[in-house]
Amino acid sequence: MWQESDVFRCAAPREVVHYQGREVTTDSAMQLPCETPVALVYNGIAHSVMMCSAADLEDFAIGFSLSEGIIDGLHDIHDIEQVNGCQGIELHITLANRCIYRLKEKRRTLAGRTGCGICGSESLEQVVRTLPPLPDSQRFAVGLIDKVLDGLRPLQLLGQCTGATHAAVHVDGAGNILAIREDVGRHIALDKLVGHLCRTGRRDGAILVTSRASFEMVQKAASAGVEILLAISAATELAVARAEQTGLTLVGFCRPGRAEIYSGRQRIVLA
């Protein structure tokens, strides 16, 4: 889970003028989320630069590499070294030689994006990758969504501090939150969680994201081998189509007492 030290690294005070109800006040210590340029460098080859919250970056390196199809698993990464510079952070990732050819097929124009890793892809084949079908081993009671939402807010330390970040959480079949990752980018928060799951080997339960369920969010969850994706906001049509292709259970509008099940209904227990 996040620590207060992570918040100090990822938020900074700024003076702002509040206007509300015709009253004007000044807050000299309004906390704003910090966006840090993080460069992913594979075997000495600069691949992309993403704007991130500067925490859980090893998880991000693993999760991004997996969800982008650069690696097949943790065994393909030999080492990750974080190098701090005056303009940002470089993550030097040493890959197995067999993965290098994939980098040549994934040339990007991603610099400066709080992005998903899909913008800038040069062909549809790079975006819609072939993924193995997910198993059908998990069940999740719809009533547990309220439990997850109740437990989520106290854990969103950066979100509480700034009001401007997203979270991705891993929950078990009983609705207990096992891990949380936060970031200014919703895709990056999920990449960080995917990296954590890759390191721990967990595939059970479900993932909940505090955002809409877009195509790339579904693909990242499916890449991690997680069978159930819960989203606080709506799903896009392409996200539902991708969920059906991979066999993923996709649930949107996860709010107190509400849920919209788009695909994989057999995994959601309604009783």
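All figures in this text were calculated on a predicted structure; none of them were measured in a lab.
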With rounding to the nearest 0.5 Å, note down the distance linking [atom1] in [X] to [atom2] in [Y].
X    : Y    : atom1 : atom2 : answer
L74  : T200 : CG    : OG1   : 10.0 Å
D59  : L197 : CG    : CG    : 9.0 Å
D183 : S53  : CG    : OG    : 3.5 Å
E216 : T236 : CD    : OG1   : 7.5 Å
L66  : C198 : CG    : SG    : 5.0 Å
L190 : L208 : CG    : CG    : 10.5 Å

State which residues pass salt bridge (charged side-chain N to carboxylate O under 4.0 Å, His left out) with [X]; sequence neighbours excluded, sorted by chain then number.
X    : answer
D27  : none
R98  : D72, D76
E260 : R258

Exercise for the section: Report the residues that fulfil ring pair (Phe, Tyr, Trp, His ring centres under 6.0 Å) with Y262, sequence neighbours left out, ordered by chain and then residue number. Expected result: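 In terms of ring pair (Phe, Tyr, Trp, His ring centres under 6.0 Å), with neighbours along the sequence ignored, Y262 is linked to no residue.
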Please check: side-chain N/O of [X] versus main-chain N/O of [Y], any donor-acceptor pairing under 3.5 Å?
X    : Y    : result
E182 : L158 : yes
Q138 : G205 : yes
T165 : G185 : no

Problem - Residue pair S67, Q219: steps toward the side-chain hydrogen bond (donor to acceptor under 3.5 Å, both in side chains) verdict - result: CA-CA 7 Å; S67 61; Q219 183 148 282; over 6 Å; no
With a 4.5 Å limit on heavy-atom distance, are the side chains of [X] and [Y] in contact?
X    : Y    : result
V240 : L250 : yes
Y42  : S65  : yes
C52  : T36  : no
L95  : L103 : yes
I232 : F253 : no
E58  : R199 : yes
F140 : L230 : yes
V171 : V169 : yes

Among all residues two or more places apart in sequence or in another chain, which pass the side chain to side chain contact (heavy atoms under 4.5 Å, CB included) test with [X]?
X    : result
I45  : none
E15  : T26, S28
N176 : K147, D172, A174
Q266 : D136, R139

For [X] and [Y], does a side-chain donor sit closer than 3.5 Å to a side-chain acceptor?
X    : Y    : result
T249 : R267 : yes
Q160 : R153 : no
S214 : R186 : yes

Practice task
Answer yes when D56 and R181 have at least one side-chain N-carboxylate O distance shorter than 4.0 Å, and no when they do not.
Solution key: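 Salt bridge between D56 and R181, a charged N being under 4.0 Å from a carboxylate O: yes.
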Exercise for the section: Flag the pair E68 and R102 as a salt bridge only when some basic side-chain nitrogen lies within less than 4.0 angstrom of an acidic carboxylate oxygen. Expected result: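 No salt bridge links E68 with R102.
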Could you list the cluster mates of [X]? Members are the ILVMFWY residues connected by side-chain heavy atoms closer than 4.5 Å, either directly or through other members.
X   : value
Y19 : V17, V24
V41 : none
M30 : V16, L32

Could you pull out the closest heavy-atom pair between [X] and [Y], with the gap in Å?
X    : Y    : result
V142 : A259 : CG2-CB, 3.9 Å
Q156 : A167 : NE2-CB, 3.7 Å
A39  : V49  : CB-CG2, 4.1 Å
P256 : D146 : CA-OD1, 3.2 Å
A231 : S211 : CB-O, 3.5 Å
E35  : V184 : CG-CG2, 4.1 Å

Practice task
Report yes or no: do Y101 and L40 belong to one cluster of Ile/Leu/Val/Met/Phe/Trp/Tyr joined by side chain heavy-atom distances under 4.5 Å?
Solution key: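 Each belongs to a different hydrophobic cluster.
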Handout entry: Stepwise side-chain contact (heavy atoms from CB on, under 4.5 Å) check, L131 with R242
Key = CA-CA 10 Å; L131 295 173; R242 188 58 171 152; 3.6 Å; yes
Exercise for the section: Go through L178 and R202 one step at a time and tell me if the side-chain contact (heavy atoms from CB on, under 4.5 Å) criterion holds. Expected result: CA-CA 10 Å; L178 304 179; R202 298 292 295 261; 3.3 Å; yes
Practice task
Tell me, yes or no, whether the heavy-atom count around R255 atom CZ, taken from other residues, nucleotides or ligands under 6.0 Å, exceeds 12.
Solution key: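 Atom CZ in R255 is packed in, count exceeds 12.
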Practice task
Could you please spell out the steps behind the side-chain contact (heavy atoms from CB on, under 4.5 Å) verdict for I62 and I77?
Solution key: CA-CA 8 Å; I62 297 169; I77 294 181; 4.0 Å; yes
Exercise for the section: Tell me, with the steps shown, if I70 and H47 meet side-chain contact (heavy atoms from CB on, under 4.5 Å). Expected result: CA-CA 11 Å; I70 296 171; H47 180 62; 3.9 Å; yes
Which atom pairs, donor and acceptor, lie under 3.5 Å between side-chain atoms of residues 79-91 and protein residues at least two apart or in another chain?
{"residue": "Q82", "atom": "NE2", "partner": "N84", "partner atom": "OD1", "Å": "3.2"}
{"residue": "E90", "atom": "OE1", "partner": "H92", "partner atom": "NE2", "Å": "2.7"}

